[in-house]
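I have placed the structure first, in the form of structure tokens, so that the comments after it can refer back to it.
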Amino acid sequence: MKVYLLSLGAGLLVGIVYSLLNVRSPAPPVIALVGLLGILVGEQIIPFAKTIAGKEPAIVSWINQIKPHMFGHMPKGGAETTGLAEVKQPIERERS
């Protein structure tokens with residue numbers, strides 16, 4: 001329940017900022033994407049600061065926290081990851 005209340009509070013805060021900037025919701029695509037980028041970067045400030053405060057090298061935070069969260073994992077591609085392998089196997093069995 002606490003997460004939902006925090007989410008509602010964040011939404012209210014963003015709504016107030018949108019109102020102050022005279023931006024209607026939903027925001028135009030470019031404004032919305034810049035806002036999402038700000039959210040994504042803002043989420044990383046506290047973990048990065050904790051790493052620096054813990055006297056660890058900044059690269060530790062980049063490799064373990066920031067890079068995976070901001071850039072995600074690239075898809076591997078191929079039939080195994082797209083679900084085509086599951087579809088292909090029954091068809092091959094029917095032909096034999």
Side-chain angles (χ1 to χ4, degrees):
M1 184 70 173
K2 182 179 177 182
V3 174
Y4 292 105
L5 293 175
L6 288 172
S7 179
L8 177 62
L12 289 171
L13 182 63
V14 170
I16 291 168
V17 170
Y18 273 22
S19 177
L20 293 172
L21 295 173
N22 283 332
V23 175
R24 306 215 82 207
S25 181
V30 174
I31 293 173
L33 289 175
V34 170
L36 288 173
L37 176 63
I39 292 169
L40 195 60
V41 171
E43 284 180 330
Q44 303 311 310
I45 291 173
I46 300 299
F48 184 71
K50 285 180 180 178
T51 300
I52 300 300
K55 300 192 185 211
E56 294 182 36
I59 193 72
V60 171
S61 182
W62 172 260
I63 291 172
N64 295 332
Q65 172 72 26
I66 298 171
K67 184 180 176 214
H69 185 74
M70 290 190 65
F71 300 106
H73 300 287
M74 297 300 291
K76 302 279 186 218
E80 292 78 23
T81 58
T82 60
L84 293 177
E86 297 170 12
V87 175
K88 187 177 177 183
Q89 288 174 355
I91 294 173
E92 289 177 355
R93 288 180 191 152
E94 291 175 10
R95 290 182 184 165
S96 21

Whether over 12 other heavy atoms sit under 6.0 Å from Ile46 CD1: no
Applying the side chain to side chain contact (heavy atoms under 4.5 Å, CB included) criterion to Tyr18, which one of Asn22, Leu20, Val14 satisfies it? Val14
Minimum heavy-atom distance between Ala58 and Ile52, given as atom pair plus value: CB-CD1, 4.0 Å
Quick check: is Ile63 connected to Val41 through a chain of hydrophobic side chains (ILVMFWY, heavy atoms under 4.5 Å apart)? yes
Once you round to the nearest 0.5 Å, how far does CG of Leu33 lie from CG of Leu40? 11.5 Å
